[in-house]
Amino acid sequence: MSDEIYQPDVVEAKWQARWAEQGTNEPDLDHAERPFYNLMMFPYPSAEGLHVGNMFAFTGSDVYGRFKRLQGYQVFEPIGFDAFGIHSENFAIKVGTHPARLIPANIENFRRQLKQIGGMFDWRHELSTTDPAYYRWTQWLFLQLFKAGKAYKRFAAVNWCPECKTVLANEQVINGFCERHPETRVEQRTLEQWFFRISEYADRLLANLDDRTKLDWSETTSTAQRNWLGRSEGAEIDFAVEHNRVIRVFTTRPDTLYGATFMVLAPEHPLVGDLTSTAQREAVQAYRAVASARDVVSRRVGEREKTGVFTGSFAKNPATGRMIPVWIADYVLMDYGTGAIMAVPAHDERDREFAERYGLSIVPVVDDNGIVIDSDRFSGLTVDAAKTAVIRWLEQSGAGTGVVQYKLHDWCISRQRYWGPPIPMIYCDDHGVVPVPEADLPVILPPIEDFRPDDSGISPLARHEEWYYVPCPVCGKRARRETDVSDTFLDSAWYYLRYPSTEFDDRPFDADRTRRWCPVTTYIGGNEHAVLHLLYSRFIAMVLHDIGQVQFDEPFARFRAHGLIVKDGAKMSKSRGNVVVPDEYIARWGADTFRMYLMFLGPFQEGGDFRDEGISGPRRFLDKVWTLVGECVRDDMCGGEIRRAIVIKWHQTVKRATEAVEGLRYNSAIAAYMELVNLLREERCSERAVVADLVVMLAPFAPHFAEECWERLGHRTSVFDELWPEWDERLVVEEEVEVAVQVNGKTRSTVTVPRDSVEADVAAAAMADETTLRFVAGKEVRKRIYVSNRLLNLVVG
RNA sequence: GCCCGAGUGGCGGAAUGGCAGACGCAGCGGACUCAAAAUCCGCCGGGGGCGACCCCGUACGAGUUCGACUCUCGUCUCGGGCACCA
């Protein structure tokens, strides 16, 4: 190979092969003394392959992992494929190829691309969620939750597309219509489905967000989780109705109880039937029919016009003693609070709109200053004081209690689909719901060809009798399998636990391995998973902790959300047609240049704009370093004494780069390297010690390039067996510094003084400076502010 | 509507409250070349001055401070998330 010309393709092929041969990226998982688990979100292997956004995310995480390795950690950086799920299945249906045939080809392509960009992946521990050796344990996980009482079955509303003949996820419903059939209105159906009791964990999921020892996360991500958990403090209050029944409501405004002039129940509320008078029966039934026909999505976010129907019944306001009418309306949701509200039209916009439409009375009970009025003994209190006082009164009188509500709902994990792990449950006429014995796992997903969903509302698996019928594990009589598969988010809720233990086929995760490597040291991923994936993973870890399976209850000690790559001002997406395919850039410029460019275009946590022109800069930079290394090898040009300015810049660069990389400000680290190289070139210096440090610091960004340079410098071992350089704080500042001289806060001049000069000396130098004097002449210096080695401000007047 | 995040040259962006625009891209001028590419040297926020230099400038308006891109309050714009959550 020519030493003079940098040929990325040759260099990259050489080092990728050598890393594989020598196991460079394979830490000793059983004996690592400084283990560092560097995790990135595993991709869904689409047919299109990895795009620039994926490459950006993976490279940024890889840079950090390589940096930690150079700091002396044993870094485990695994990768895998999130290959089950509705995306893969829908794509398979669209192109008419079975997903089991489609996915391996996609994975093969992803694997090629991931190797191509030079990630520090430990390929011994690759996994795919579709592998029976993996989903066996996903099913095992379900059984542990079932045994712990954290999984249960109940009826719940789902979106149903009559054209697709299947259940849709909420994201697949666009304004009440099917994503794939824009003319077909989505309906609501009620099916019996499996749920996990995540809402039991709401307070713990919330509390840990504030515990930095367990959870050091991007603020945007923890804020998103806080909002999603949706904690509200308030009260549950009972309103008496006829026949000794009560309507229980939840409110965050117990202070407005005296202003509650009517009640509203969700149309599905179980008391509606009993409360409906004969005269109103027909209207109520019609309204309920309309509400239940509407899909789940538009029921929530569709047109906001408030509609409702009077039930014919009245309830007694426990504070005023007045009888108030009970209505039903679909703006009240059955799955939040108690499914019933006390309406306070004077102080709630929705209630006001409803009251105005139907001519219901509006009674203000809070004045403009936030003081409660017309509320008996609570009048005159502030809103906050009244909340407390009303709750105390409710509790004393037995009419209600103070409660905390969360928006978080239990996690529905049933999918009436094919491409997922079958839920490992069996239904027996005599023994009811029976879990599949753990020894019988995995319940293999049968390789059926008619995997498309049909009209029945049950999974395609139900059509296959040879699979569907199974002996009851208890009595051996003919029983039926659960035909739903589990949510993809269950696959990804525990994959980090599997990675260190992929070679064990008799346990999901080895206890020693898990203790050594978990929780994950640093997790980097997209904020689109701020709630679902990251929340579900936390919940699963808590359950596993509580049943004694793992020692931690938070899976990701540190999480950082990376930014988005945009193109032409818009997020990259297929529909916009602005997706950039990385392969051609890598072929033209080399993987290292591509990595450098991605890391240079903006702060990693903010993302940036992908522009073709920008990529030549990092390539020119690498070419310069290549030349510098060549010069260093031939003739270590300023060997002996290095110029002072270079020593200073060298130490500054180490400092800046160390701090920038640790803070994921990769663009700043690269800029620092460029400045150092520019100076070395100006000074015609290729001092060996400086060049060697530069190559090491460059290694996380341009790993193949750095390895090659390291070898050219005469080394036989991998550059990743080196240690990241350290700086000497005393050598970060020049012996002579230029201090800015301000007059009344405006910079007017500079003076050069010895480093760490005292204020009086700097002031003397300033008063000898001609430019400064022009602004000070004839005026009295009333005050001086001195910032050591930086600035002197003279306040004159 | 609510909650985050962000507004700095032609562009991407840099600045523990201390010389705004580092670094890179693009552009302009020059060197080398028969020529082009590559490479190298120089210029590169706006305005004024022959010049040393001066004035203005970090979305907008106030404030705190000796000093504000940075902190506080308000306004506007963009991006993202949540959303009939009582």
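Below, chain A is the first sequence line, B the second, and so on; all start at residue 1. Heavy atoms only: backbone and side chains are in, while hydrogens, waters and symmetry mates are out.
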Quote, to the nearest angstrom, the [atom1] distance that separates [N] from [M].
N	M	atom1	result
U64(B)	G7(B)	C1'	23 Å
A38(B)	U72(B)	P	47 Å
G21(B)	G12(B)	C1'	13 Å
G74(B)	G5(B)	P	15 Å
C3(B)	A86(B)	P	14 Å
A59(B)	G10(B)	P	14 Å
A37(B)	U58(B)	C1'	39 Å
G24(B)	C73(B)	P	38 Å

Using the rule given for ring pair (Phe, Tyr, Trp, His ring centres under 6.0 Å), can you reason through F56(A) versus F604(A), listing the C-alpha separation, both sets of side-chain angles and the distance that settles it, and then say yes or no?
CA-CA 8 Å; F56(A) 175 75; F604(A) 183 59; 5.1 Å; yes
D769(A): what forms a salt bridge (charged side-chain N to carboxylate O under 4.0 Å, His left out) with it, not counting sequence neighbours?
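Residues passing salt bridge (charged side-chain N to carboxylate O under 4.0 Å, His left out) with D769(A): none at all.
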Which of the following nucleotides, [options], is nearest to the side chain of [X]?
X	options	answer
W228(A)	C19(B), A83(B), C56(B)	A83(B)
T750(A)	A86(B), A22(B), C19(B)	C19(B)
S616(A)	C23(B), C25(B), C56(B)	C25(B)
T747(A)	A86(B), C3(B), C19(B)	C19(B)

Nearest-Å distance for atom pair [atom1]/[atom2], residues [X] and [N]:
X	N	atom1	atom2	result
R748(A)	C54(B)	CZ	P	6 Å
R248(A)	A86(B)	CZ	C1'	16 Å
E683(A)	C41(B)	CD	P	13 Å

Counting the atoms with a prime plus P, OP1 and OP2 as sugar-phosphate, which does [X] contact under 4.0 Å by heavy atoms, base, sugar-phosphate, or nothing?
X	value
S232(A)	sugar-phosphate
R231(A)	nothing
Y786(A)	nothing
R619(A)	nothing
E738(A)	base

Please tell me which of F775(A) and V787(A) maps to the more 5' nucleotide of RNA chain B, matching each residue to the nucleotide holding its nearest heavy atom.
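The residue closer to the strand's 5' end, by nearest nucleotide, is V787(A).
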If you assign K407(A) and M674(A) each to the RNA chain B nucleotide with the nearest heavy atom, which residue ends up on the more 5' nucleotide?
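Whichever sits nearer the 5' end wins; that is M674(A).
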What residues form a ring-ring contact (aromatic ring centres under 6.0 Å, His included) with [X], not counting sequence neighbours?
X	value
Y201(A)	F539(A)
Y287(A)	none
Y336(A)	none

Table please: side-chain donor-acceptor pairs of residues 223-230 of chain A below 3.5 Å, with sequence neighbours left out.
from, atom 1, to, atom 2, distance (Å)
T223(A), OG1, E219(A), O, 2.7
Q225(A), OE1, R538(A), NH1, 2.7
Q225(A), NE2, A530(A), O, 2.8
R226(A), NH2, D210(A), OD1, 3.0

Respond yes when some side-chain nitrogen or oxygen of N678(A) is under 4.0 Å from OP1 or OP2 of G24(B), and no when none is.
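It does, given that an N or O in the side chain of N678(A) lies less than 4.0 Å from OP1 or OP2 of G24(B).
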For A26(B), does OP1 or OP2 lie under 4.0 Å from any side-chain N or O of R620(A)?
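Yes, R620(A) has a side-chain N/O under 4.0 Å of OP1/OP2 on A26(B).
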State which residues pass side chain to side chain contact (heavy atoms under 4.5 Å, CB included) with [X]; sequence neighbours excluded, sorted by chain then number.
X	answer
A260(A)	N317(A), M342(A), V344(A)
E606(A)	P603(A)
P8(A)	Y6(A), E12(A), R619(A)

So that I can compare with my own list, what are the stems of RNA chain B, taken as at least three consecutive Watson-Crick or G-U pairs with distances under 3.5 Å?
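So far as stems of 3 or more pairs are concerned, RNA chain B shows B:1-7 with B:76-82, B:10-12 with B:23-25, B:27-31 with B:39-43, B:45-48 with B:53-56, B:59-63 with B:71-75.
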Going 5' to 3' along nucleotides 61-68 of chain B, which nucleotides have protein heavy atoms under 4.0 Å from the base (write B), which only from the sugar-phosphate (write S), and which from neither (write -)?
-----B--
Nucleotide by nucleotide, 5' to 3', does protein get under 4.0 Å of the base (B), only the sugar-phosphate (S), or neither (-) in nucleotides 6-15 of chain B, counting heavy atoms?
-----SBSSS
Give me the ring orientation class for Y523(A) and H533(A): parallel if the planes are under 30° apart, tilted from 30 to 60°, perpendicular past 60°.
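Rings of Y523(A) and H533(A): perpendicular, as their planes differ by over 60°.
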Sidechain N-carboxylate O distance under 4.0 Å for R684(A), E682(A):
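Judged by the 4.0 Å cut-off on N to carboxylate O distance, R684(A) and E682(A) do not form a salt bridge.
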Between Q652(A) and W650(A), is a side chain to side chain donor-acceptor pair (under 3.5 Å) present by the stated rule, with each step listed?
CA-CA 5 Å; Q652(A) 283 175 342; W650(A) 175 22; over 6 Å; no
Please determine if K306(A) forms a cation-pi arrangement with Y331(A), meaning its NZ or CZ atom is less than 6.0 Å from the six-membered ring centre and no more than 45° off the ring axis.
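Yes, K306(A) lies over the aromatic ring of Y331(A).
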Name all pairs fulfilling the side chain to side chain donor-acceptor pair (under 3.5 Å) condition that reach into residues 785-794 of chain A, sequence neighbours left out, sorted by first residue then second.
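Sorted pair list: D756(A)-N789(A).
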With syn defined as a glycosidic angle within 90° of 0 and anti as everything else, classify G13(B).
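Base orientation: anti.
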